[in-house]
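Note: hydrogens, waters and symmetry copies are ignored here, and every other heavy atom, side chains too, is used. Position 1 is the first residue of the sequence; numbering continues from there.
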Amino acid sequence: MSDGNRPVAEQIPATIGRYQITGSLGYGAMGAVYRAFDPLIKRPLAIKTVRLDIPKSSPQYRSFLDRFQHEAQISGTLSHPGIVTLFDLGDENGLPYFAMEFVDGKTVADVIAEGTRFKPEKVISLVSQVAAALDYAHSRGVVHRDIKPANLILYDDDKVKVTDFGIAKLADADITHAGALLGTPSYMSPEQAMGEKLDGRSDIFSLGVVAFEMLSGQQPFPGPNVTSILYKLVHVPPIEPADLEMHGLVPHKWHEVFSKVLSKKPEQRYQTASAFVQDLEYCLGSWWSGLGDEETLTIAPATETVEIQRPIALAVPAPPRGAAAPVLARDLELETLLLPKEALAAVASPAAEATVLLEAAPFPPADEPLPPTLVAPAATTAIALPAAFQTHPDMTMRPQALAPLAAPAPSKPRAARPGIPLGLVLGGAAAALVVVALGAWLLRARQQEPAPPAPAPESIPSAAPVAPPPALVATSGTLRVVSDPAGARVLVDGRPRGKAPLELAELAFGSYEVRVEQPGYEPQKRRVELDETAPSAELRLTLARRAAPTGGSADFLSTPPGASVSVDGKPAGQTPLRGVKLAAGKRQVEIALEGHETWASTLDVVSGETGQVDVRLRAVPQAAPPTPDPVDVARVYPNEAGEVDTLARKLSGSSPSYPAKAPRLKSGQRASVQVRFVVSETGEVSDIVVVESAGKLVDDVVVAAVRGWKYEPATKGGVRVKVETSFRQTFLGA
């Protein structure tokens with residue numbers, strides 16, 4: 001709550017019940033919240049009052065007090081670390097109040113109002129705590145009805161408690177002050193906005209709205225007024241924020257999760273709050289980015305990675321005239337050599353110790369002879385052979401005898417760059433294995449007459465040709481989507497990909513949800529699997545036309561505007577109200593505005609058509625104010641608004657404490673004492689009568705405490721008068 005809502009004439013009382021008021025925590029539509037101290041248990045707590053505009057003489061007043069006690073008893077049974085604990089309840093001069101746990105912190109609404117954007121990881125933690133509290137309450141049949149940022153209190157930086165369990169249901173009794181809106185429109189569920197029966201799934205919808213706002217900084221159903229917001233709640237899907245990826249969120253997972261939790265129908269939502277949180281975690285980009293800020297190790301399919309340490313000559317004879325030069329490497333910066341596993345497996349036994357070094361070397365033009373051998377420099381360099389590596393039919397690889405080289409000095413291994421395979425260091429006999437394997441991979445059978453071999457030393461024998469390497473395994477496929485009629489919009493995993501007929505190539509193997517939609521037709525969804533056994537698929541979908549509308553709509557206008565509209569007894573919003581969906585047939589409509597006569601009529605709704613209701617409301621004539629009766633100073637007036645001009649107000653006096661000699665109250669037991677007494681023109685208490693007894697010992701304690709109270713006298717017509725009032729004290733067993 002905010003002190004900005006504090007009534008001008010509101011004054012902070014010294015005590016409420018037995019509790020000493022030490023400050024104000026805020027004011028709201030239903031009453032005030034005070035910081036207080038319990039002198040009996042010696043602990044701080046919070047007191048929330050519930051303001052009523054109901055005369056005490058009204059039957060609704062007694063009904064509310066009974067409901068007040070009933071809801072407080074239910075809420076008082078909740079014991080959970082994520083729920084503000086309810087300690088006590090009572091009423092002070094007809095003003096009901098709750099005594100509850102004091103939480104030193106600020107609300108989520110306060111943080112949002114400061115312009116702070118929550119980090120996604122913190123939102124998950126906080127929403128998870130709220131979800132646990134809601135699931136606990138729902139398992140005991142308790143529905144909150146008003147989950148919103150103002151009812152979530154942050155403390156200790158990373159913890160949260162839910163407050164006001166039971167308060168919203170009291171408001172739902174429709175007996176609070178006139179004009180109060182039940183719940184908070186921006187966080188209501190559609191069924192709550194329509195006045196339907198609620199269960200825990202309404203709280204889950206509201207929690208989804210809160211999570212949406214905390215993560216994106218926006219509300220899912222924004223609007224300039226209450227009417228616009230309520231209409232979007234019931235009829236319009238939530239907005240999709242544009243900057244999700246910038247804040248580390250995954251758009252398609254966001255759409256999937258929030259479309260479900262904010263579904264208009266409760267049965268299509270998450271059925272528990274914890275289930276919502278489990279899926280909400282996947283909206284965080286960190287779930288989809290591998291190792292986050294760490295470097296990523298990428299393993300090529302069916303490939304071994306070998307780092308080469310020592311050079312050996314590579315002899316390449318000249319290709320035939322006009323033949324293309326072989327491509328030895330595409331990227332000299334790569335630091336690994338990739339060999340197929342099949343090439344390594346083809347080697348029967350390792351040869352003598354050697355180390356292979358390959359380096360790109362340009363071939364001379366076709367009209368110039370190739371040198372007999374291409375010998376790499378002594379520096380150690382290893383390169384990756386890309387998939388496009390080409391060899392010439394006349395290209396051979398011959399191991400060349402070299403003088404022994406000194407072992408290279410050990411050096412610090414270089415960190416792998418993201419997306420580049422990490423080298424596997426082989427030496428000694430294993431290096432010889434690489435030589436033979438590389439030769440088996442590069443050589444192909446000659447396809448034409450052999451050219452004269454280039455001169456080479458007698459010590460370099462020719463290597464025998466081997467079979468070509470096996471083909472690479474495919475990892476992606478193709479999907480074709482055809483619709484009847486053509487031109488339907490195609491979405492894959494919630495993302496628009498084009499219009500049918502549509503062919504999508506290079507889709508990674510996996511499972512995809514395909515949705516096809518066309519205005520005027522029922523959408524269709526299919527799931528497609530692409531894998532090695534079925535790398536391509538085709539969907540042919542015939543769309544059925546939407547059924548003819550079974551209802552119409554209406555616009556409601558009034559002069560003056562702001563009137564409440566109800567259809568068949570259910571609230572629909574306030575005028576001006578446009579596009580209200582109505583079932584076909586005769587509908588009973590009422591338009592009411594305070595101070596005006598209620599307009600009522602029957603509206604005949606035709607399927608597929610939109611009607612308009614525009615009424616001019618007639619003001620109710622204001623009766624002349626009655627002549628005030630002369631003030632009878634001898635009379636004892638009721639201490640109620642309308643009976644006296646200013647009510648008698650308690651100034652001082654201690655609260656009664658449960659007597660030590662009285663029977664001890666067990667947990668769940670209660671003892672209530674209600675007394676009626678007179679406050680004189682001087683503010684003294686007299687004529688105390690016990691109306692409800694809890695036994696003589698308890699009654700005497702309450703009477704003795706009340707007798708010592710001092711009041712500011714009531715006034716009527718500018719004259720101090722005697723008034724009769726009452727006080728009720730309830731003791732709860734611990």
Side-chain angles (χ1 to χ4, degrees), residues 1-6 10 22-36 44-51 75 78 80-87 97-134 136-137 143-171 180-188 203-220 222 229 273 277:
M1 291 189 190
S2 171
D3 288 342
N5 295 326
R6 177 176 177 176
E10 188 78 32
T22 59
S24 170
L25 295 176
Y27 295 84
M30 290 190 64
V33 182
Y34 303 105
R35 185 195 297 265
L45 70 164
I47 300 290
K48 177 185 284 287
T49 62
V50 182
R51 179 166 57 89
S75 300
L78 300 179
H80 188 275
I83 297 176
V84 174
T85 305
L86 179 65
F87 295 140
Y97 67 86
F98 293 100
M100 60 186 67
E101 174 187 5
F102 172 70
V103 182
D104 189 8
K106 60 173 63 176
T107 67
V108 172
D110 293 333
V111 177
I112 293 175
E114 294 169 357
T116 302
R117 179 121 179 203
F118 287 89
K119 292 183 178 180
E121 295 80 4
K122 185 167 185 178
V123 174
I124 297 297
S125 172
L126 297 176
V127 173
S128 177
Q129 296 175 55
V130 177
L134 290 179
Y136 167 82
V143 181
H144 190 286
R145 298 171 177 253
D146 196 17
I147 292 296
K148 59 184 179 182
N151 283 336
L152 306 178
I153 305 178
L154 300 174
Y155 67 103
D156 291 350
D157 186 53
D158 58 353
K159 297 180 182 178
V160 63
K161 281 182 180 281
V162 184
T163 187
D164 276 7
F165 268 96
I167 299 293
K169 193 168 184 180
L170 292 174
L181 183 65
L182 309 182
T184 306
S186 296
Y187 306 94
M188 281 184 177
D203 287 345
I204 294 172
F205 182 97
S206 301
L207 180 60
V209 176
V210 173
F212 188 109
E213 184 175 10
M214 293 174 71
L215 284 168
S216 70
Q218 300 173 260
Q219 290 186 346
I229 293 172
V277 175

ask   = Side chains of I112 and F118: does their closest heavy-atom pair fall under 4.5 Å?
value = yes

OG1 of T116 to CE of M214, rounded to nearest 0.5 Å, is 11.0 Å

Closest non-hydrogen contact found for L86 with A99 is CD1-O, 3.5 Å

Taking every heavy atom of I229 against every heavy atom of S186, the minimum-distance pair comes out as CD1-OG, 3.7 Å

Scanning both residues in full, the closest heavy-atom pair of P149 with T107 reads O-CB, 3.7 Å

Within-4.5 Å side-chain heavy-atom neighbours: I147 and V162: yes

dist E121:CD -> D158:CG (nearest 0.5 Å) comes out at 13.5 Å

Of all heavy-atom pairs linking K48 and V33, the shortest is NZ-CG2, 3.5 Å

| query | Below 4.5 Å, heavy atoms only, C-beta onward: do H80 and T85 meet side chain to side chain? | reply | no

So, do Y155 and V160 sit near enough that their side-chain heavy atoms are less than 4.5 Å apart?
-> no

For residues 98-109, the salt bridge (Lys or Arg N to Asp or Glu O under 4.0 Å) pairs (sequence neighbours left out) are E101-K161, K106-E114

- Query: Should L207 and V127 count as side-chain neighbours, where that means a heavy-atom distance under 4.5 Å?
  - Reply: yes

Correct closest heavy-atom pair for G82 and A133 would be O-CB, 3.7 Å

Residues 206-217 vs side chain to side chain donor-acceptor pair (under 3.5 Å), sequence neighbours excluded, gives Y187-E213

*Go through the steps to decide whether N151 and H144 satisfy the test side chain to side chain contact (heavy atoms under 4.5 Å, CB included), and finish with yes or no.*
CA-CA 10 Å; N151 283 336; H144 190 286; 3.7 Å; yes

Rounded to the nearest 0.5 angstrom, the OG1-CD1 distance for T163 and I83 is 10.0 Å

- Query: So, T49 side chain and A32 main chain: donor-acceptor pair closer than 3.5 Å or not?
  - Reply: yes

Quick one: do K122 and D157 make a salt bridge, cutoff under 4.0 Å?
yes

Quick check against the 3.5 Å criterion: does R35 have a side-chain atom that pairs as donor or acceptor with the backbone of A46? no

Is there a side chain to side chain contact (heavy atoms under 4.5 Å, CB included) between V50 and F98? Walk through the geometry before answering. CA-CA 8 Å; V50 182; F98 293 100; 4.0 Å; yes

Across all chains, not counting sequence neighbours, the side chain to side chain donor-acceptor pair (under 3.5 Å) partners of D203 are H138

- Query: How about L154 and K159: do any of their side-chain heavy atoms sit closer than 4.5 Å?
  - Reply: no

